[in-house]
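Side chains included, hydrogens not; waters and symmetry mates left out as well; all remaining heavy atoms used. Protein chains get the first letters and strands the later ones, always in sequence-line order, with residue 1 at the start of each.
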Protein chains: 2
Amino acid sequence: MVTPKRKDAQQLTELILDTARDLFTKFGVDSVSMHQIAKAAGVGQATLYRRYTQKGDLCLELIDDHFNRFKNDIEQLLASIHDQPVLDRLKAVFRRLVVFASDETALLKAIHISLVHNRCIENDKRTFFTSPPYMFLHSTLTHLLKESQDSGQTVPFDPAFTAHIYIASLAPFTLQHLSEDYGMSTDAIVEQLLRTLICPLFKPNNPE
Amino acid sequence: MVTPKRKDAQQLTELILDTARDLFTKFGVDSVSMHQIAKAAGVGQATLYRRYTQKGDLCLELIDDHFNRFKNDIEQLLASIHDQPVLDRLKAVFRRLVVFASDETALLKAIHISLVHNRCIENDKRTFFTSPPYMFLHSTLTHLLKESQDSGQTVPFDPAFTAHIYIASLAPFTLQHLSEDYGMSTDAIVEQLLRTLICPLFKPNNPE
DNA sequence: AATAATAGCGGACAATTGTCCGTTTGTCAA
DNA sequence: TTGACAAACGGACAATTGTCCGCTATTATT
């Protein structure tokens, strides 16, 4: 049976990713067009589009390393403080999450636009909400929220639903707005988010 | 001095809006291109683009009537229940808001994409966050939240910040996800939102 | 009414996104 | 080696978005 694969395919993929990374850092994600990436990498448009149908897909790939680091951070963090109260763990995860979102605003915006927009056009399976990063975040938050819920320290709420809402409120454009137009530092945003979204779910800190 | 204005300009604007409305309801907002609208209305592209640089701008105009009705609803609603507790008023506004967002998903998605995306490209003054609808919502919610805060019934939080977060969590794509993929009815979404975002801000319902 | 002046129309044009198909190139069988 | 086969390359092509500029039509003036 004949199932040949080119060995240079993988090399081209890496060439494309490297080129895109370069152009993005040089000119900014928004100013770089798909054709520009293809041309700079010296490949045909189809070669690029066959791998990444939209800039968002490419960004998702580029952010992968960063996200894996972030994921490991979260897992280590959770392991290192597994004996602390669940509220503290939630806060820690949230803080790390906001920092990640702030660090990666440029790529995240492109991802958000492409994937969310795409979702709107066709009923593709590949949506923002089914991407591995989203699912990891959602599952991590849901677990912590469920534990909080089960521990009886909170008012009643639906953990999975609440996790969706938490992530929605961290949309890159929201954060950008709060930071640039509204003049809040990342720390201030974290503090307010904890105060507004998380702490109130827990029953009075100064117990009866 | 000579400052002639064409009187047919306004008529063309209305022709464009009517045409767009028709095409949108016939084929869906996403499937209709700007040129298609111009052609169907029998005007040049520039005539269309001079009025609305993006589909989102057009949608913002189209939604205007609906939004004004919504705005009046909210104002009447608030007037009719001005003597009820602020928590109840907040809940009522929120419920009406979610219903509006669910009814107008199609247009709101297009608006969201264009305005939020545009914001990302150039530092235009005209952003999603400075559009009249956003500002009305934000100011209405902020007032109610501030009143709640001042009445001493709540935990401490920043009303304006919280209003931003509330609106962010109602992004059309989030609602669509919760409704279509997650299978929640509008009522269920409202209930969970109130339970997750609003009620917890208020001190124990069963007072000490 | 005739004229001057300009607001603003319209379609051609440029740029970007996304697709298709003829051709290349690596792999396996003989 | 060589030949056959298909994975996958590349650039031409179509579609959509967004811009520019010559020309028309309306209005104020005489």
For the side chain of [X], counting heavy atoms from C-beta on, which of [options] is nearest?
{"X": "Ala46(A)", "options": "dC20(C), dG10(C), dG11(C)", "value": "dC20(C)"}
{"X": "Arg50(A)", "options": "dA8(D), dA12(C), dC9(C)", "value": "dA8(D)"}
{"X": "Tyr49(A)", "options": "dC9(D), dG18(C), dT19(D)", "value": "dG18(C)"}

Where does the angle between the aromatic ring planes of His138(A) and Tyr134(A) fall among parallel (under 30°), tilted (30 to 60°) and perpendicular (over 60°)? parallel
For [X] and [N], what is the distance between atoms [atom1] and [atom2] respectively, to the nearest whole Å?
{"X": "Ile16(A)", "N": "dA8(D)", "atom1": "CD1", "atom2": "P", "value": "13 Å"}
{"X": "Gln10(B)", "N": "dA25(D)", "atom1": "CD", "atom2": "P", "value": "21 Å"}
{"X": "Leu48(B)", "N": "dG8(C)", "atom1": "CG", "atom2": "P", "value": "16 Å"}
{"X": "Met34(A)", "N": "dT19(C)", "atom1": "CE", "atom2": "C1'", "value": "13 Å"}
{"X": "Ile37(A)", "N": "dT16(C)", "atom1": "CD1", "atom2": "P", "value": "12 Å"}
{"X": "His35(B)", "N": "dC13(C)", "atom1": "NE2", "atom2": "P", "value": "14 Å"}
{"X": "Leu23(A)", "N": "dT16(C)", "atom1": "CG", "atom2": "C1'", "value": "16 Å"}
{"X": "Gln45(A)", "N": "dG18(C)", "atom1": "CD", "atom2": "P", "value": "12 Å"}

Residues in side chain to side chain donor-acceptor pair (under 3.5 Å) with Arg51(A), at least two apart? Thr13(A)
With Arg89(B), which residues qualify under side chain to side chain donor-acceptor pair (under 3.5 Å), at least two apart? Glu147(B)
Ring centroid separation Phe173(B) to Phe129(A) under 6.0 Å: no
Looking at every strand, decide which applies to Thr47(A) at a 4.0 Å heavy-atom threshold: base, sugar-phosphate, or nothing. base
